[in-house]
Amino acid sequence: MDIRNSIIREIKYKVENINFNDLLIESVSADKGDYCLPCFAMAKELKENPNKIANDISSTVNVGGIVEKCEVVGGYVNFFLNRDVVSAEIIKDILADSMQYTDGDGKTICIDYSSVNLAKYMHIGHLKNTIIGESIARICEALGYKVIRINYIGDYGTPFGKIIAGYEMWGNKADVDKRGIDALQELYVKFNQEAQNDPTLDDKAREIFKQIEMKDPHYYAIYQWVIDIAVKEAERLLGILGIKFDSWRGESYYSEKLDDVVGYLQNKGLTKVSEGALVVDLEDYDMPPCLIRRSDGASLYATRDIAAAIDRYNTYHFDQMFYVTGHEQMLHFKQFFKVLDLAGEEFANNLEHIHYGLFSLPTGKISSRLGKQATLVDIMDYAHAKAEEVIKDRTFNILTPEEVADKVARSALNYSALKVEVGKDCVFDIDKAFSFEGETAPYMQYTYTRIESILRKAKDMNLSEVKVDYSALNSTEAFELLKACNGLKLTIVNAYTKREPSIIVKRAMDICKTLNKFYTNTKVLGGSNSEIMAKIELLQCVKKTLAVLFRLMCIDTLIEM
């Protein structure tokens with residue numbers, strides 16, 4: 001229900017150059033009404049006393065429908081809504097809403113996120129990158145966009161020469177086949193340690209990677225084997241987080257297209273030689289030159305990203321392309337976006353970099369396999385153990401404890417990546433993340449299970465034919481809960497427009513907090529059947545709304561907990 005416009009339709013006071021929609025706001029407390037209209041901006045425009053304007057407006061308001069009454073207080077018009085009318089309308093709208101919107105009209109959005117580096121363990125940074133990207137993907141889908149999920153994997157470069165060199169010197173196939181990524185990472189770490197004392201090892205790694213680029217049968221076969229192991233592990237971890245990608249094309253795929261990109265930019269007259277390197281001069285745009293090819297002939301990230309952007313447009317004909325990465329890559333994206341723009345690619349204006357702040361763990365919380373940065377698999381193992389610990393004393397009738405622990409662990413991790421605004425730094429305290437009190441995923445999941453429990457009990461009460469008495473929702477707690485659930489689409493649109501999943505998180509948390517206040521002051525299954533039915537319909541609305549919000553922020557719903 002569009003409460004704001006419904007109120008404005010009841011105001012018959014008209015004045016040029018004043019849009020009530022821009023001025024009407026929700027009241028800060030129930031004793032000041034549900035919405036209020038400050039008249040100070042109009043006073044400046046009309047050169048009249050704001051209190052007089054407020055009284056003039058109040059005298060024109062139709063009361064008795066959606067507006068029960070209005071009062072003038074110090075230059076404000078306070079609107080008190082007819083709770084019976086509004087409650088019935090909001091419930092009707094929510095229960096009839098398919099929650100599938102068509103704003104996107106089937107347009108295609110490609111989202112590049114996760115960007116797993118296959119030469120290394122996935123780490124905590126990948127968690128934030130991946131979940132922000134996935135949440136934005138789900139928000140886009142909720143609005144009717146077709147989303148292509150792209151994991152632009154790091155599967156190219158000298159690090160793979162190091163892994164293979166280490167394998168040939170110290171490894172064996174049976175061990176790698178058995179232990180997979182752990183065995184490969186041990187070889188990688190050992191190689192780097194040994195290379196500190198023997199610099200010729202780095203030359204050996206570079207030579208091996210050169211052989212890989214030339215597709216030498218021996219080394220290229222080992223390289224493909226290593227990549228296959230790393231991709232399967234990445235798919236496994238991402239699968240635990242509930243993430244699947246449509247494309248895994250990485251750096252190696254575009255390495256064969258780089259000469260075409262260089263020729264393309266040269267033909268456009270965009271390149272010049274600077275200190276032996278090939279660059280695109282961006283001085284006129286207050287940016288340093290974009291390096292296209294180094295003086296030794298090697299390509300750079302910008303070259304590969306330009307190749308990837310062109311390939312993706314030719315493949316998917318996207319309407320928008322989002323790149324989700326950290327703040328530190330802002331200049332890189334500005335540069336290659338501008339190069340594509342200068343080349344005359346119309347889609348360049350539809351490229352967007354969504355950059356996020358740092359994401360870290362408190363020192364010493366989780367020991368790392370590498371002794372420095374906590375790996376994602378360590379964090380996930382710890383999270384699962386923590387989830388089992390916090391639910392071990394609870395009872396289960398439908399789902400097994402193991403299934404519940406999986407969903408609690410995954411949701412706690414996913415929520416941690418979204419709870420603050422995308423651009424802000426965040427320290428993730430994994431122990432606090434599993435509390436059933438405060439702003440956590442388990443708190444929200446438990447709130448959802450309380451709804452499920454009450455609705456199950458209500459099924460045995462034969463209420464389906466009962467006439468609903470919406471006056472049962474006249475309490476401040478019930479009415480605030482209804483208003484919190486109202487206007488879901490506007491929240492999703494706002495999160496999409498701002499590329500900000502934390503808007504979804506805040507809305508879901510507000511609903512959960514308001515619902516728990518409602519429980520404190522209301523016996524849902526108490527009173528007449530007509531009153532109970534009104535409260536049941538309210539909970540059905542809350543459940544439906546939370547289910548959508550949970551999905552958008554990558555949190556699992558639970559039936560019991």
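All values below come from the heavy atoms of this structure, side chains included, with hydrogens, waters and symmetry mates left out. Owing to the predicted nature of the structure, the values given are computational and were not obtained by experimental measurement.
Using a 4.0 Å cut-off between charged side-chain N and carboxylate O, Glu480 and Lys483 make a salt bridge. Using a 4.0 Å cut-off between charged nitrogen and carboxylate oxygen, Lys92 and Glu537 do not count as a salt-bridge pair. Salt-bridge check for Arg499 with Glu352: passed, with a basic side-chain N closer than 4.0 Å to an acidic carboxylate O. A salt bridge links Asp103 and Lys489; the closest N-O separation between the charged side-chain nitrogens and carboxylate oxygens is under 4.0 Å.
Pairing each heavy atom of Asn62 with each of Val67, the nearest pair is O-CB, 3.8 Å. Between Asn78 and Cys36, the shortest heavy-atom contact is OD1-CB, 3.2 Å. Across all their heavy atoms, Leu482 and Ile91 have their closest contact at CD2-CG1, 3.7 Å. When every heavy atom of Met553 is checked against every heavy atom of Leu418, the shortest pair comes out as O-CD1, 3.5 Å. Contact record, Val468 with Met533: CG2-CG, 3.7 Å, taken as the closest heavy-atom pair. Smallest separation of non-hydrogen atoms from Ile132 and Pro501: O-CG, 4.3 Å.
Glu531 places a side-chain N or O within 3.5 Å of a backbone atom of Ser528 that can act as its donor or acceptor partner. A donor-acceptor pair under 3.5 Å is formed between the side chain of Glu500 and the backbone N or O of Val422. For the pair Arg138 (side chain) and Arg551 (backbone), a donor-acceptor distance under 3.5 Å is present. Not a single donor-acceptor pair under 3.5 Å links the side chain of Lys419 to the backbone N or O of Asn414. Looking at Ser530, its side chain does come within 3.5 Å of a backbone N or O of Lys467 through a donor-acceptor pair. With hydrogens and angles disregarded, a donor-acceptor distance shorter than 3.5 Å links the side chain of Asp425 to the backbone of Leu358. In terms of modelled atom types and a separation under 3.5 Å, the side chain of Ser411 and the main chain of Asp556 share a donor-acceptor contact. Side chain of Thr102 to main chain of Asp105: no donor-acceptor pair is present (N/O by atom type, distance under 3.5 Å, no hydrogens or angles). In terms of modelled atom types and a separation under 3.5 Å, the side chain of Asn51 and the main chain of Gly75 share a donor-acceptor contact. A donor-acceptor contact shorter than 3.5 Å is absent between the side chain of Ser27 and the backbone of Ala30.
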**Prompt:** Between Arg456 and Glu560, does a salt bridge (charged side-chain N to carboxylate O under 4.0 Å, His left out) hold up when you go through it step by step?
**Reply:** CA-CA 11 Å; Arg456 281 196 300 275; Glu560 290 194 347; 2.6 Å; yes
**Message:** Could you walk me through whether His123 and Leu376 satisfy the side-chain contact (heavy atoms from CB on, under 4.5 Å) test, starting with their C-alpha distance in whole Å, then the side-chain angles of each, then the deciding distance to 0.1 Å, before giving a yes or no?
**Reply:** CA-CA 4 Å; His123 55 74; Leu376 186 55; 5.8 Å; no
**Request:** May I have the step-by-step check of side-chain contact (heavy atoms from CB on, under 4.5 Å) for Thr440 and Lys432, ending in yes or no?
**Result:** CA-CA 8 Å; Thr440 67; Lys432 290 182 180 178; 5.9 Å; no
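With sequence neighbours excluded, the residues that form a ring-ring contact (aromatic ring centres under 6.0 Å, His included) with Phe245 are Tyr113, Trp248. Every residue two or more places apart in sequence or in another chain was checked for a side chain to side chain donor-acceptor pair (under 3.5 Å) with Tyr285, and none qualifies. By the salt bridge (charged side-chain N to carboxylate O under 4.0 Å, His left out) test, Lys543 is found to be paired with Glu452, residues two or more places apart in sequence or in another chain being considered.
The closest side-chain heavy-atom distance from Glu89 to Asp93 is below 4.5 Å. Between Met330 and His353 the shortest side-chain heavy-atom distance falls below 4.5 Å. The shortest side-chain heavy-atom distance between Val548 and Ile492 falls under the 4.5 Å cut-off. Looking only at side-chain heavy atoms (C-beta outward), Leu23 and Asn19 stay at 4.5 Å or farther from each other. Looking at heavy atoms from C-beta onward, Leu455 lies in side-chain contact with Ile536 at the 4.5 angstrom threshold. Annotation: side chain of Ser247 is not in contact with side chain of Arg149 (no heavy-atom distance under 4.5 Å). Between Val505 and Val420, the closest side-chain pair of non-hydrogen atoms is not below 4.5 Å. With a 4.5 Å cut-off on side-chain heavy atoms, Ile148 and Thr315 do not count as touching.
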Would you tabulate the side-chain donor-acceptor contacts of residues 512-519 under 3.5 Å, counting partners in other chains and residues two or more places apart, or write 'none'?
{"unit_1": "Lys513", "atom_1": "NZ", "unit_2": "Glu439", "atom_2": "OE2", "d": "2.5"}
{"unit_1": "Thr514", "atom_1": "OG1", "unit_2": "Asp510", "atom_2": "O", "d": "2.7"}
{"unit_1": "Asn516", "atom_1": "OD1", "unit_2": "Arg450", "atom_2": "NH1", "d": "3.0"}
{"unit_1": "Asn516", "atom_1": "ND2", "unit_2": "Tyr443", "atom_2": "OH", "d": "2.9"}
{"unit_1": "Asn516", "atom_1": "ND2", "unit_2": "Thr447", "atom_2": "OG1", "d": "3.2"}
{"unit_1": "Asn516", "atom_1": "ND2", "unit_2": "Cys512", "atom_2": "O", "d": "3.0"}

Listing, residues 80-87 side-chain donor-acceptor contacts under 3.5 Å, not counting sequence neighbours, or none:
{"unit_1": "Asn82", "atom_1": "OD1", "unit_2": "Asp84", "atom_2": "N", "d": "3.2"}
{"unit_1": "Asn82", "atom_1": "OD1", "unit_2": "Val85", "atom_2": "N", "d": "3.3"}
{"unit_1": "Asn82", "atom_1": "ND2", "unit_2": "Gly65", "atom_2": "O", "d": "3.4"}
{"unit_1": "Arg83", "atom_1": "NH1", "unit_2": "Asn474", "atom_2": "O", "d": "2.5"}
{"unit_1": "Asp84", "atom_1": "OD1", "unit_2": "Asn474", "atom_2": "ND2", "d": "3.1"}
{"unit_1": "Ser87", "atom_1": "OG", "unit_2": "Arg83", "atom_2": "O", "d": "2.6"}

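With values rounded to the nearest 0.5 angstrom, Ile511 atom CD1 is found 4.0 Å from Cys485 atom SG. In this structure, Ile90 CD1 and Leu473 CG are separated by 10.0 Å, a value rounded to the nearest 0.5 Å. With rounding to the nearest 0.5 angstrom, the CG atom of Leu546 is 11.5 Å from the CD atom of Gln445. Rounding to the nearest 0.5 Å gives a distance of 4.0 Å between CG of Asn521 and CD of Glu477. One distance of note links CD of Glu421 with NZ of Lys498; it measures 9.0 Å at 0.5 Å rounding. Distance check, rounded to the nearest 0.5 Å: CD1 of Ile66 to CG of Asn5 gives 10.0 Å.
The aromatic rings of Phe359 and Phe428 lie parallel to each other, their planes meeting at an angle below 30°, with 60° marking the opposite boundary. Between Tyr313 and Phe318, the two ring planes are perpendicular [angle over 60°; tilted spans 30° to 60°]. Between Tyr446 and Phe436, the two ring planes are perpendicular [angle over 60°; tilted spans 30° to 60°].
With a 6.0 Å radius and a threshold of 12 heavy atoms from other residues, nucleotides or ligands, Lys14 has its NZ atom above the threshold. Around NZ of Lys386, the count of heavy atoms belonging to other residues, nucleotides or ligands within 6.0 Å exceeds 12. Heavy-atom contacts from other residues, nucleotides or ligands closer than 6.0 Å to NZ of Lys459 number 12 or fewer. Within 6.0 Å of the CZ atom in Phe434, the count of heavy atoms belonging to other residues, nucleotides or ligands exceeds 12.
Taking the six-membered ring wherever Trp is involved, the centroid distance between the rings of Tyr323 and Tyr152 does not fall below 6.0 Å.
Using a 3.5 Å distance cut-off with no hydrogens or angles, the side chains of Tyr13 and Asp56 do not pair a donor with an acceptor. Looking at Thr108 and His317, their side chains never bring a donor and an acceptor atom within 3.5 Å of each other.
The salt bridge (charged side-chain N to carboxylate O under 4.0 Å, His left out) contacts involving residues 312-337 comprise Asp112-Arg312, where partners must be two or more places apart or lie in separate chains.
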